[in-house]
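Only this structure's heavy atoms are used, side chains among them; waters, hydrogens and symmetry mates stay out. Chain naming here is simple, since letters A, B, ... match the order of the sequence lines and numbering starts at 1 in each.
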2 protein chains.
Amino acid sequence: MSDVETFAKVFDDIAKEIIADFKANEDLPPEALEWIDRMMRYTVPGGKMNRGRTVLATLQAIKGKDNISEAEAKRANILGWCVEWLQAFFLVADDIMDGSVTRRGQPCWYKNEDVGLIAINDSLFLEGLLYTILKKHFRSDEYYVDLVELFLSITLKTELGQLLDLSCEWGNHEIKTNPEKEGDFTRFTMERYRRIVLYKTAYYSFYLPIALGMIMGGIKDDAVFKQAKDICLEMGEYFQIQDDYLDCYGTPEQIGKVGTDIQDFKCGWLAIKCLEKASPEQRAIMAKHYGRDTPEQIQKIKDLYVELDLAAEFTKLEKDSYESLKKKIAGVQGMPAEAFESLLAKIYKREK
Amino acid sequence: MSDVETFAKVFDDIAKEIIADFKANEDLPPEALEWIDRMMRYTVPGGKMNRGRTVLATLQAIKGKDNISEAEAKRANILGWCVEWLQAFFLVADDIMDGSVTRRGQPCWYKNEDVGLIAINDSLFLEGLLYTILKKHFRSDEYYVDLVELFLSITLKTELGQLLDLSCEWGNHEIKTNPEKEGDFTRFTMERYRRIVLYKTAYYSFYLPIALGMIMGGIKDDAVFKQAKDICLEMGEYFQIQDDYLDCYGTPEQIGKVGTDIQDFKCGWLAIKCLEKASPEQRAIMAKHYGRDTPEQIQKIKDLYVELDLAAEFTKLEKDSYESLKKKIAGVQGMPAEAFESLLAKIYKREK
Ligand SMILES: [Mg+2]
Ligand SMILES: [Mg+2]
Ligand SMILES: [Mg+2]
Ligand SMILES: [Mg+2]
Ligand SMILES: [Mg+2]
Ligand SMILES: [Mg+2]
């Protein structure tokens with residue numbers, strides 16, 4: 001089995017275990033158990049699983065591949081699935097808040113006819129299951145509290161990021177219903193963008209899985225965690241800029257969904273870069289057409305992005321980020337740089 | 001200051017501390033801090049605070065009022081506010097899922113014009129804050145992990161309860177839009193009702209605050225926790241039946257909201273009792289009119305409840321529950337019975 005297959009298989013084990021434990025310990029009717037099973041299998045797997053697989057990769061970099069027993073590798077993969085679980089909890093809720101339609105090539109969970117707003121409880125429930133998994137497999141480890149606290153604190157960071165993200169759109173309520181209303185871009189600054197990305201994406205996508213591998217690998221020096229955080233957060237920023245770029249320039253086959261950042265008045269990298277470079281006339285086009293639903297208006301924004309050659313800006317930034325990260329990684333101390341190298345290799349010039 | 005005032009004051013301290021810590025440790029713009037402050041103050045206080053005040057009351061029963069320092073009493077009240085925080089997290093989400101309009105005499109949080117579905121993230125964020133409070137005040141206590149695990153496990157129970165509650169309505173999607181559609185009461189049984197109530201209400205409202213007081217009070221014997229759980233869950237069932245009764249028979253002034261259980265096709269005690277006692281003709285009235293929005297149809301259900309004298313059924317049950325609980329409490333071992341007595345006194349024959 002390839003590493004990906006081994007990792008994917010662990011999900012099935014965890015899901016079966018959860019249902020079996022509920023059957024044994026709780027008094028639930030069969031349709032509730034079926035719902036939980038269906039909901040987990042719909043929402044948790046199906047992504048690229050880079051986040052989840054990073055835990056074992058980090059542990060391997062630290063201890064050496066040959067020094068890790070099969071049981072230990074499985075436990076690292078279980079922690080990896082906890083990261084995927086955390087993400088599923090966020091995504092189910094995020095899709096409702098954003099009014100998204102598709103996710104990973106299928107309808108968003110809440111979009112299923114018999115789900116709707118029950119998905120809010122399902123999202124909370126996914127989060128709850130994460131701590132059930134942690135407890136079952138790590139309760140007797142000396143670092144159990146560290147794991148729980150790490151998940152809890154990263155969750156709070158991500159929720160702060162969502163708040164910052166959502167608040168970017170304040171003052172733009174009427175934009176969909178009132179064609180005369182001009183978009184307010186007061187909060188569309190690179191500084192604010194960096195902050196949103198840091199909180200909303202970088203902590204849970206990059207720092208969390210690396211830190212979990214480090215905890216399992218026995219690293220205790222706070223300075224080494226700080227160094228890892230520094231690299232991971234920069235990687236997360238680069239990753240989110242890619243995400244914003246692909247939302248507009250990636251095909252639905254590539255990204256598993258139809259991008260809607262323009263319609264959604266998202267405070268994304270393209271919009272901010274566009275406003276930075278725009279003439280007063282071009283800025284007026286943004287104010288009039290950004291955040292609207294008609295194909296003509298969406299096209300006007302896309303044309304403007306082409307006019308300002310934002311694709312070239314992105315290519316330049318991609319190169320600069322890569323070099324900056326390479327340099328930082330080369331200076332890593334107290335743990336093998338390999339953990340970061342393989343993660344960077346996975347995301348550099350990604351197309352999905 | 002009365003006990004209630006002392007307790008209420010602690011909320012303000014916690015809220016200020018949260019904002020101050022965010023200012024010191026996170027890089028957040030002022031409008032985000034304002035949002036968090038406003039959101040906490042809108043959603044967390046304002047209830048009867050029985051749950052929150054039970055923690056200190058339990059500790060007092062165990063250790064004796066005079067043996068508790070002011071600092072210790074404050075810490076118990078902080079734990080009490082964690083219970084209220086947990087409830088706020090549930091209620092904000094629950095109101096969205098149920099499409100509720102008012103809560104505690106004011107519009108539901110999500111009903112505020114500038115909130116809407118951002119309330120989903122706010123609900124998650126409230127949960128996250130709870131663990132921040134716990135960490136800040138209890139991180140160095142030997143029972144810190146027990147506190148965290150108790151909150152996490154009770155959260156999962158409550159989410160299971162929500163799932164059971166929501167799934168009661170399955171098969172009844174079209175009921176609002178299709179007047180021909182008859183209500184399906186397959187899942188309206190006392191057995192299922194008991195299960196919903198246990199998971200959805202009793203664990204977090206009754207067992208949680210008592211168990212927190214017991215942990216702080218140094219009780220370690222599992223059997224004593226089991227005994228407390230047994231009493232608390234029975235109290236919780238009685239409490240929810242009152243809640244269902246008041247939803248129909250309480251005035252909006254009493255209950256701080258307009259009851260909507262009939263319109264919402266809730267699997268509540270009145271509906272189940274009604275179906276138990278109904279003749280085939282009366283059952284047909286339920287099938288045709290339960291779960292609909294028109295005042296005429298709501299009245300038809302209320303008339304049916306009067307016809308079947310469900311108020312008398314409730315009075316009888318209230319008396320029986322009280323006696324059964326009194327007996328159980330009298331037999332309490334390993335801790336003072338007082339903790340349970342004062343809680344029962346607070347809810348018996350309550351009108352709000
Ligand atoms: Mg989204
Ligand atoms: Mg979003
Ligand atoms: Mg995106
Ligand atoms: Mg409700
Ligand atoms: Mg509800
Ligand atoms: Mg009610």
Point to revise | B:Phe90 versus chain A, the contacting section by heavy-atom distance below 4.5 Å | key: neither
Point to revise | Under 4.5 Å from a heavy atom of chain A, the part of B:Ile96 involved | key: both
Check your understanding: Between CD1 of A:Ile36 and CG of B:Leu160, what distance do you get to the nearest 0.5 Å?
Key -> 5.5 Å
Point to revise | Approximate separation, where rounding is to 0.5 Å, of B:Glu127 CD and A:Glu159 CD | key: 7.0 Å
Review point. Between atom CG of B:Leu124 and atom CE of A:Met97, what is the distance when rounded to the nearest 0.5 Å?
Key: 6.5 Å
Review point. What residue, out of A:Ile120, A:Asp94, A:Val145, A:Asp114, has the most heavy-atom pairs lying under 4.5 Å from chain B?
Key: A:Ile120
Exercise for review: Select one option (side chain, backbone, both, neither) describing which atoms of B:Tyr131 are under 4.5 Å from chain A's heavy atoms.
Suggested key: side chain
Point to revise | CG on A:Leu166 to CH2 on B:Trp35, rounded to 0.5 Å | key: 8.5 Å
Review point. Top residue by heavy-atom pair count (under 4.5 Å) with chain A, among B:Leu164, B:Leu163, B:Thr155?
Key: B:Leu163
Check your understanding: What option among B:Glu149, B:Arg192, B:Gln162, B:Glu113 has the most heavy-atom pairs under 4.5 Å with chain A?
Key -> B:Glu149
Check your understanding: Quick one: what part of B:Glu26 sits under 4.5 Å from any heavy atom of chain A, side chain, backbone, both or neither?
Key -> both
Practice item. Heavy-atom pairs under 4.5 Å with chain A are the metric here; pick the option from B:Leu117, B:Leu152, B:Asp27 that has the most. Key: B:Asp27
**Study point:** Contact origin within B:Thr132 toward chain A - heavy atom pairs under 4.5 Å
**Key:** side chain
Exercise for review: Find the one option among A:Ala32, A:Ser167, A:Pro29 whose heavy-atom pairs under 4.5 Å with chain B are most numerous.
Suggested key: A:Pro29
Check your understanding: What part of B:Leu198 is in contact with chain A, defined as an atom under 4.5 angstrom from a non-hydrogen atom: side chain, backbone, both or neither?
Key -> neither
